[in-house]
Structures are given as structure tokens and as C-alpha cells.
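Residue numbers run from 1 in the order of the sequence given. Order of appearance sets the numbers: ligands from 1, and atoms from 1 within every ligand.
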Amino acid sequence: MRCVWCGNDVTADSGISSLFMWNSRPICRQCQKLFHSLEKEPTCPGCGRLMEEAALCYDCVRWKEMESYFPKNQALYVYDEQAKEFMERYKFTGDCAVAFLIQEDLKRALKTYLKQGYTICPLPTSKQSLEKREFESVEYFLELSKIPYQQFLYHIGKGKKQSEKTREERMQLQQPFVLKEEVNLPDKVLLFDDIYTTGKTIRLAVKLLQEKGIEDVKLFTVFR
Ligand SMILES: [Zn+2]
Ligand SMILES: [Zn+2]
């Protein structure tokens with residue numbers, strides 16, 4: 001069997017001890033440590049980014065000055081070169097199997113929110129990027145990990161992919177989400193997304209939910 005990430009033959013490795021099976025998908029020992037985990041690192045309590053010591057980062061300080069809503073984000077891993085390569089392979093070449101790499105950590109982290117009564121809502125992707133990509137990449141992370149979730153939102157914004165926009169274009173983004181009419185909203189929501197870059201998009205979703213009366217909204221992203 002071959003490792004889902006590097007393709008090395010894990011059966012020919014050094015026997016069963018070097019083989020890790022997650023949902024019958026092999027990941028070699030080296031690739032289990034592919035990402036820089038934020039779990040035991042000092043992070044910004046606003047956006048979850050890696051810091052030298054736990055304190056609000058410059059972006060979050062500015063955000064707090066500008067906006068009345070300030071939900072907290074937790075992230076699993078640092079968005080470094082390795083993470084970029086992973087997202088590229090996952091999203092844009094549609095290599096879904098690589099999602100097994102984050103499955104265990106994701107499950108463990110999200111379960112603590114479920115236990116606290118949060119309903120998980122993945123951020124929907126725009127219709128345009130969906131047509132290109134042909135799958136809901138954010139939802140698929142949850143499905144693969146068998147994490148229950150509810151989708152309250154529609155994406156109505158059109159335009160370029162996040163990664164094709166300049167920072168300025170991302171900051172100027174108008175509300176791209178609307179609420180589905182038929183849903184009953186819970187009291188506590190955890191919005192889930194793949195990457196926190198400027199935080200603008202995900203915070204617009206928070207704004208929408210808070211306008212509908214949900215006060216307890218938290219954020220969770222795979223990468224920051
Ligand atoms: Zn590997
Ligand atoms: Zn921050």
C-alpha cells in the first residue's frame with residue numbers, strides 16, 4: 001500500500017510498526033508529522049495564528065478597533081509551504097484522499113466543540129468555484145471525519161477564487177452569504193473553514209448570524 005501523501009510503499013517499509021492506518025488509508029510515519037500543529041503553541045487569541053507569546057496580533061488589534069463583533073478563531077495547523085501544497089492538491093487537483101492527513105486531529109478538536117453544544121456550519125463555496133472544482137471541499141473535510149454539521153448559509157457572491165484576489169480585493173468584499181430560509185438557528189454556532197487568511201470572509205458570515213440573533217459564534221479553521 002502506498003502513503004496517500006508521498007506515495008511511498010508503506011507495506012515494504014519496516015513492517016507493520018511503521019504503518020498507520022486511518023480509515024484504511026495508509027499514511028507513512030514521516031507524513032503523519034507533515035503539518036506544524038498549533039495545539040501546544042502560543043497563539044493569538046483572536047485569530048489563532050502562531051505567536052511568540054499568546055497575545056492579540058496586530059491584525060486582530062486593528063480588527064477590534066474597527067468592528068463591534070470579534071469572534072475567536074482556533075486553527076489546527078500553521079499555513080506554511082507544506083500546507084499550501086496540501087490545499088493545492090486537495091482543492092484544485094481534487095485529490096480527496098489527502099484529506100485523510102488531517103482527519104484524526106480535526107475529529108479530536110471538533111468533538112470538544114460538539115460536547116459544548118456548538119452546531120458546526122461549514123462555510124459554503126461560491127457557485128463559480130464549485131463548478132470548476134466540482135466538490136464542496138470544506139464540507140468534505142467534515143464528511144470524511146464523520147463530524148455532524150448543518151449548512152445554514154448560501155454563497156451568493158460571485159467572482160474570483162480567494163487565492164486569485166489581492167489582499168485589497170479580499171478586504172473590500174461585500175456580504176457574500178445569505179441565510180437559508182427554512183432553517184431553525186441554534187444558540188451556539190461554530191463556523192468552519194479551511195484557511196483563515198484575512199478573516200474577512202468568515203467574519204462576514206459571523207456578522208450575518210449575529211444579526212439573526214445568534215450571539216455565541218466561534219470560528220475554526222484547519223490552517224492559519
Ligand atoms: Zn508518506
Ligand atoms: Zn490575530
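Rounded to 10°, the angle that SG of Cys28 and SG of Cys6 form at the Zn ion (ligand 1) is 110°. Considering the Zn ion (ligand 2) as centre, the angle to SG of Cys57 and to SG of Cys47 is 110° (10° rounding). At the Zn ion (ligand 1), the angle from SG in Cys3 to SG in Cys31 is 110° when rounded to 10°.
Ring pair Tyr196/Tyr79: centre-to-centre distance not below 6.0 Å.
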* Asked: Checking salt bridge (Lys or Arg N to Asp or Glu O under 4.0 Å) for the pair Lys84/Glu81: CA distance, chi angles, key distance, verdict?
  -> CA-CA 5 Å; Lys84 274 180 201 146; Glu81 284 308 310; 3.5 Å; yes
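For the pair Lys180 and Phe152, the NZ or CZ position fails the cation-pi test of under 6.0 Å to the six-membered ring centre and within 45 degrees of the ring normal.
At a threshold of 4.0 Å, the pair Asp105-Arg108 counts as salt-bridged, since one of the basic side-chain nitrogens sits closer than that to a carboxylate oxygen.
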